[in-house]
Protein chains: 4
Amino acid sequence: MNRTTAKVAGKHSQSWKQDPEGVRRDILDVAISEFAARGLSGARIDDIVARTRTSKRMIYYYFGDKDGLYARALEVAYSKVRRGEEELDLDGLPPLKALEKLVGFTFDHHRANPDFIRMVMIENIHNADFIRKSDMIRGLNVAAIDTLRNICSRGAKDGDFRADTDPVRLHWQISALSFFNVSNQPSFSALFGPDLFTDTQQKILRDEIIRLVVGSVRVSTEPTT
Amino acid sequence: MNRTTAKVAGKHSQSWKQDPEGVRRDILDVAISEFAARGLSGARIDDIVARTRTSKRMIYYYFGDKDGLYARALEVAYSKVRRGEEELDLDGLPPLKALEKLVGFTFDHHRANPDFIRMVMIENIHNADFIRKSDMIRGLNVAAIDTLRNICSRGAKDGDFRADTDPVRLHWQISALSFFNVSNQPSFSALFGPDLFTDTQQKILRDEIIRLVVGSVRVSTEPTT
Amino acid sequence: MNRTTAKVAGKHSQSWKQDPEGVRRDILDVAISEFAARGLSGARIDDIVARTRTSKRMIYYYFGDKDGLYARALEVAYSKVRRGEEELDLDGLPPLKALEKLVGFTFDHHRANPDFIRMVMIENIHNADFIRKSDMIRGLNVAAIDTLRNICSRGAKDGDFRADTDPVRLHWQISALSFFNVSNQPSFSALFGPDLFTDTQQKILRDEIIRLVVGSVRVSTEPTT
Amino acid sequence: MNRTTAKVAGKHSQSWKQDPEGVRRDILDVAISEFAARGLSGARIDDIVARTRTSKRMIYYYFGDKDGLYARALEVAYSKVRRGEEELDLDGLPPLKALEKLVGFTFDHHRANPDFIRMVMIENIHNADFIRKSDMIRGLNVAAIDTLRNICSRGAKDGDFRADTDPVRLHWQISALSFFNVSNQPSFSALFGPDLFTDTQQKILRDEIIRLVVGSVRVSTEPTT
DNA sequence: TATGAATGAGGCTTCATTCAT
DNA sequence: AATGAATGAAGCCTCATTCAT
């Protein structure tokens, strides 16, 4: 009867008895997708559990309650995305090139992670209370600023960047343009049509944004192309 | 709060008999604030009605159901904000000045109307389904683009604007920067501190954004100041 | 403005101000159809009023409450149907022929008045409380039995009818077969297919029923055909 | 009343933990009685639950919604009644005797199960929509026809039954007379007095019906007694 | 570690009816 | 005679959570 069921207990096997970490990941994956799709109050524990290979009890066992699950899902969503950013290597590049690459990457990365964007939108609806409570998330973002600070200071030293460039304000600019592109796509395309979100138009937008941001920090000696 | 509704009934009286328009406005004002605060699924009909001078039954009498109330609240929120924009007179100004003024105004206007911003955030969580269904809202936004199109064509004629400036993409830029400033303030200040949102810093940000947007359309002959 | 609108105030004109009897009939016609379709608790005052050219207030003005409207609708339904029966002239016919004709007529009449049948079904669900309270309805039905009693006594005198034939039990038989044919058509055809209710089959059934009932009262000297 | 449900829990104890089948039966027994008494729209979930040993929530847990409960109650009512019919053994009897017994039994069985009759009445008010959706109910009724078909073919072979006897039409006759006797008792006795429904009169009616039905299929060589 | 059964509080909505004009 | 506005009571259903095994 119960012979070798636990062989392929990795992902998507029919049942994984005795794999606590697998159970947690399974639940969290589904939770992120459900919370991202419907928000904190809109998501349903029953719906989450239905898409899971476990039972409802496990959610309470591992995460305490709905808020606990949401809080953890938010952390996982953040760390997934930030982990992707770590792979970007900018140290070898001259500051302006590094910034260009970073902006382009952020734009692409946000587009590639709509669930993360939606989690952050939902957090903002909830006044970012759960972000505020998570040391982990705050830690992850310090790193993001450090990267920018590094670029800025190198750029300032080289004389390429304006001296008054503030890494946080720069991060704000990059985020605003990349974030809005994903977060407000539904309303924007409902109002003005879906054209702006085709691959062709997004490429144009991406270039424009890079030009914009880079233009805003560069010591302007010559016209932008 | 409910200042604008005292048409027929005495102000702040406990109940007003037979003032349908007043009742509707009363409900809608509260509804906007509750939906903006808690989202569509998070808002409670009972909470809305508690802040109202009417009974729960009237919500269903006038708006059918929760979705109907939300849909109407969204329309009212949009029209309130767009009405504010109409008061802005740009026709007398040269294109670059007009754009500058428009960007600054949008930045300020969004800050002044956080409930509207939150309604749009919530709509995006719901894939903008209600915006899509509302001819009224779509109509209001056509006007917003027309204003920009006008500026762009004047600017192109004068030779001040780049010829390839697209009013929709320009609107996107202005919106992105002004919208994000309000929508993501909670998460941004949770992560990087509240400094960016002080009046002083917001003024700097405002100028920066104006410079950014204007710079992106201007035929660049000389460095930006 | 208000010139000659009240010209065709008979039926189905757009509005009939000042025609109280017309208003009552309008309401009652709709009420019968709604109660017949959905039952006493299933019918909605709002739905009735929506199909009417009057306002909700009039229902309460004329009929007191929902039960009052139902009670009156039941009476009207009964009197409509019984009025149709009065036109049947059986006096000139020999008893067996009269009975044949009566059975056939009842079968047809019930089929032609499904709303009436449904009102009676609904009454039975409600233990016939409203019938019991209505002198009018009880009066109408005495007449129906009188007709049969007349036929029976003539038949007994002629020697055509069995002496123990009871007019009430005979009425019961005729009703049972004619009533069930309409009342249980939905369940019967759901279970056994709709064939029995085609015109062809109904003709066969009609003849069979006539044969059945007549056979049950006839002094049987020779085989039935 | 709830006698058959005391499988696991003590009888008449205030609450029984963890006896799903018992809970289901308990709810269904009450539901049948309430729906039969008041109809689908007339029945109240709160009233049902009040006569139950469980909470309102369990109705939704097991049956989804009011319609779901009604649909299942209808199925149970049908299967209870049809199960009673299965105990009737007609195979050993000659066709005419078998038919006599079947008619008499049906008459008695319908009288003994007024709740079932009322459920079918209610179904007919609702156009038999729920019967139509239930494969189970349709299946149960095929069996009923099979029994009759068997009798008819034996009768035809023996030369006792008319060759053109149709089992469905025969079933229709038996049902009409037995069903109406219960379904329309309230209106009939409201109109014509309760006499027909006394035991004495019902016995006479029963015999009459048997004679009627049997007479309608018999190859008529001699007068009926 | 795991499951299906059970729950109380509270959510949204509907209904017949009455009121003010 | 007539209308649209207003209402309280009650209806159905959902939700996060806990219990018994």
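Below, chains carry the letters A, B, ... as their sequence lines are ordered, and counting in each starts from 1. When reading the values below, keep in mind they use all heavy atoms of this one structure, side chains included, and skip hydrogens, waters and symmetry mates.
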Checklist entry - Can you check whether Tyr61(B) has a side-chain N or O nearer than 4.0 Å to OP1 or OP2 of dT7(F)? => result no

Item to check | Position toward the 5' end of DNA chain E (nearest nucleotide), Asp47(B) or Met58(D) | outcome: Met58(D)

Checklist entry - Is it true that a side-chain atom of Lys66(D) and a backbone atom of Ala43(D) form a donor plus acceptor pair closer than 3.5 Å? => result yes

Item to check | side-chain N/O Ser55(D) vs dT7(E) OP1/OP2, d < 4.0 Å | outcome: yes

Checklist entry - Rounded to the Å, how far apart are Arg53(A) CZ and dT3(E) P? => result 12 Å

Checklist entry - Looking at dT17(F), does its base get a donor-acceptor pair with the side chain of Lys56(A) below 3.5 Å? => result yes

Checklist outcome for this item: note: Glu34(A), atom CD; dA16(F), atom P; distance rounded to Å ~ 11 Å

Checklist outcome for this item: The correct set of residues in residues 62-76 of chain A placing a heavy atom under 4.0 Å from DNA chain F is Asp65(A), Lys66(A)

Item to check | Asp46(D) vs Asp46(A), nearer the 5' end of DNA chain F by closest nucleotide | outcome: Asp46(D)

Checklist outcome for this item: In whole angstroms, the gap separating P of dA1(F) from CZ of Arg24(C) amounts to 11 Å

Next on the checklist: Strictly below 4.0 Å, N to O, side chains only: are Arg118(B) and Asp115(B) in salt-bridge contact?
Outcome noted: no

Checklist entry - To the nearest 0.5 Å, what is the distance between CE (Met119(A)) and CD (Glu75(A))? => result 10.0 Å

Checklist entry - Which residues pass the ring pair (Phe, Tyr, Trp, His ring centres under 6.0 Å) test with Phe130(C), sequence neighbours left out? => result Tyr70(C)

Checklist entry - Does Arg44(B) have a side-chain nitrogen or oxygen under 4.0 Å from the phosphate oxygens OP1 or OP2 of dG10(E)? => result no

Next on the checklist: Please report the distance, rounded to the nearest Å, between CD1 in Ile59(D) and C1' in dA5(E).
Outcome noted: 15 Å

Checklist entry - Taking a pair as Watson-Crick (N1 to N3 plus N6-O4 or O6-N4) or G-U wobble (N1-O2 and O6-N3), both under 3.5 Å, which stems of 3 or more consecutive pairs involve DNA chain E? => result E:2-21 with F:2-21

Next on the checklist: Tell me if a side-chain donor or acceptor on Arg72(B) pairs with a main-chain N or O of Phe63(B) at a distance below 3.5 Å.
Outcome noted: no

Checklist entry - What is the distance, rounded to the nearest whole Å, between atom CZ of Arg38(D) and atom C1' of dG11(F)? => result 15 Å

Checklist outcome for this item: In whole angstroms, the gap separating P of dA2(E) from CG of Asp26(A) amounts to 11 Å

Next on the checklist: Main chain of Ile48(B), side chain of Thr52(B): is a donor-acceptor contact present, judged purely on distance under 3.5 Å?
Outcome noted: yes

Checklist entry - Are any of Arg57(A)'s side-chain N or O atoms less than 4.0 Å away from OP1 or OP2 of dT3(E)? => result no

Next on the checklist: Is there a salt bridge (charged side-chain N to carboxylate O under 4.0 Å, His left out) between Glu34(D) and Arg38(D)? Walk through the geometry before answering.
Outcome noted: CA-CA 6 Å; Glu34(D) 282 286 319; Arg38(D) 306 193 208 291; 3.3 Å; yes

Item to check | Candidates dA16(E), dT7(E), dA6(F) - which lies nearest the side chain of Thr54(D) | outcome: dT7(E)

Checklist entry - Are the side chain of Arg132(A) and the backbone of Asn127(A) linked by a donor-acceptor contact shorter than 3.5 Å? => result yes

Checklist outcome for this item: CD1 of Ile45(B) to CG of Asp65(B), rounded to nearest 0.5 Å, is 8.5 Å

Item to check | Full working for salt bridge (charged side-chain N to carboxylate O under 4.0 Å, His left out) between Asp46(B) and Arg51(B) | outcome: CA-CA 9 Å; Asp46(B) 279 330; Arg51(B) 291 174 49 194; over 6 Å; no

Checklist entry - Given dT17(E), is OP1 or OP2 found less than 4.0 Å from the side-chain N or O atoms of Tyr60(C)? => result yes

